[in-house]
Amino acid sequence: MTADWHAIETLDPPRLEALFANDPDRLARFSIDVAGLHFDWSKTHLTADAVAAFEGLAKAQGFAAKREALFAGEPVNATEGRAAEHSAERGEGSEEAVARAAQLHARMRALIDAIEAGALGPVRNILHIGIGGSALGPDLLIDALGRDDARYDVAIVSNIDGCALEAAFAQFEPDATLVVVASKTFTTTETLLNATSALQWLREGGVDDPYGRVIALTAAPDKAVEWGVDETRVLPFAESVGGRYSLWSSIGFPAALALGWDAFEELLDGAGEMDRHFRLAAAHENAPMLAAFGDLFYTQVKGAETRAVFAYDERLRLLPSYLQQLEMESNGKAAGLDGKPVGRHTAPITWGGVGTDAQHAVFQLLHQGTHLVPVEFVAVTEPGDALDEEHHRQLLLNCFAQGAALMKGRANDADPARAYPGDRPSATILIESLDAHSLGALIAFYEQRVFVSAALLGINPFDQFGVELGKEMAKAAGAGGLDFDPSTTDLIKRALG
Ligand code: F6P
């Protein structure tokens, strides 16, 4: 253990309530406001000493230089020898990367204008086909922002299970549907099979030129053209934009089409504002850094193996699944950038749900279970519904009361089953109003927070080799070219003959 980690691993803060009692400035010290978002990390066990210890670690790890390397477009994705330039999509990056992103955005906008002008015939529905980072981002954006005034009906299909595609077909008329095929590599089995079946559906639905209704979003434009999409309807994005960081690029196309170009630009602006904050604010006032310090405190000092995010807003119900890919695919690693085992826990298991539903399902464990689960609440001040204001009032009161209850607990020596230990940490993000700008800032906050953890742990958040082995084995099984273990062989035989 290095001296810098030692300073962290020996931190031993008192109970949360004592932290508040001992420091009248605690709330202000651990609250940050940026881009219409209020971050309250005061109900975590972070202390001024802890923050100083993490600042020491950040210095020892050359964090400031790593952050500048990220924005400068240096090959921070060392295992794949490339940059990670998602921030350039929102205007923060090398001049060259920002200019290239702007040019590709202009191309995307021109195609949207052409569709709106009827160049591709009547379009009422968008069938978006993609998986992982090529689906989760657009899905989150459209579900969060397009509930009242989306300009098209959008179905997002990711699973190779034909039930998913059939459900989408049942909603739409082929001659009014635009099929959007999103795949960074344009080699993903699920996406290509679903796209092929969608072409078939168009054909059987009387569309004479099915390929003429297809738009491709990809970093491998040649492959999309080879597959059959006309070059004019291929919207490329840079290879240096990772799949789970790609909603800012042409992968955001269905969202830009459904929500309007202005909204898409607002999204980029919000993210850009968060990037600038991340780049410039001192560590103790820097929301992504403070949040990452909290994450590392719980995984490294308290042995937490998980963290939970609860969206107290129906519009953000897809946020936990979006974050699962972002956090676990990025930082679920065991090898360090130096090629050696990291030797400590990396990404905690991210899970979560929607409040208040989750209160009636999983909160029992949070309040009385034996696992330490740092909890994060995400709530919105301005209601998304037009019903009696009591709905939103109750929603928010529940959210805030849960954080208070987790911290305070309630002793009951006479009846342990009814005792609440308390001292359970939570953080709260309160969004003033949920719009494209604040959502962009929120997502960028999570991206940069992942980067901070990775930088301090010495891992690469931008590769994902862990997903390859299973894919390869499925392919080999399909080709009959692999001797599986007895259990797997038996399962294949039973189910597939
Ligand atoms: O299997 C993991 C993954 O490579 C993700 O990283 C990616 O977001 C997803 O598959 C989809 O990949 P593609 O966009 O290349 O189809």
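Order of listing sets the numbers, starting from 1, for every ligand and every atom in it. All values derive from a computational prediction rather than experimental measurement. The first residue in the sequence is number 1, and the count goes up from there.
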Could you tell me whether the side chains of W261 and E116 share a donor-acceptor contact shorter than 3.5 Å? no

Give the ring-plane orientation class for F264 versus H105, where under 30° counts as parallel, over 60° as perpendicular and anything between as tilted. perpendicular

Do the rings of F377 and F310 sit parallel, tilted or perpendicular, given the 30° and 60° boundaries? tilted

Please state which protein non-hydrogen atom is closest to atom 6 (O) of ligand 1 and give its distance, to 0.1 Å? E329 OE1, 2.6 Å

In the protein, what heavy atom is nearest to atom 8 (O) of ligand 1, and what distance, to one decimal place, separates them? G133 N, 2.7 Å

Among I131, D463, I129, T218, which residue places a heavy atom closest to atom 9 (C) of ligand 1? I131

If you measure every N or O of T188 against every N or O of ligand 1, does any of those distances drop under 3.5 Å? yes

Can R147 and E314 be counted as an ion pair, charged N to O under 4.0 angstrom? no

Close-contact set for ligand 1 against Q464 heavy atoms, below 4.0 Å: 6 (O)

Sub-4.0 Å atoms of ligand 1 with respect to non-hydrogen atoms of S183: 13 (P), 14 (O), 15 (O), 16 (O)

How does T185 reach ligand 1, if at all, at less than 4.0 Å between non-hydrogen atoms: by side chain, backbone, both, or neither? both

At a non-hydrogen distance cut-off of under 4.0 Å, which region of K184 contacts ligand 1 (side chain, backbone, both, or neither)? both

So is E468 close enough to ligand 1, meaning a heavy atom under 4.0 angstrom away? no

For K471, state whether at least one heavy atom is located under 4.0 Å from any atom of ligand 1. yes

Kindly check if the number of other-residue, nucleotide or ligand heavy atoms within 6.0 Å of CD (Q171) is above 12? yes

Can you establish whether the number of heavy atoms outside E68 located under 6.0 Å from its atom CD is more than 12? yes

Test side-chain contact (heavy atoms from CB on, under 4.5 Å) on K333 and V342; report intermediate values, then the result. CA-CA 8 Å; K333 312 277 167 70; V342 187; 5.7 Å; no

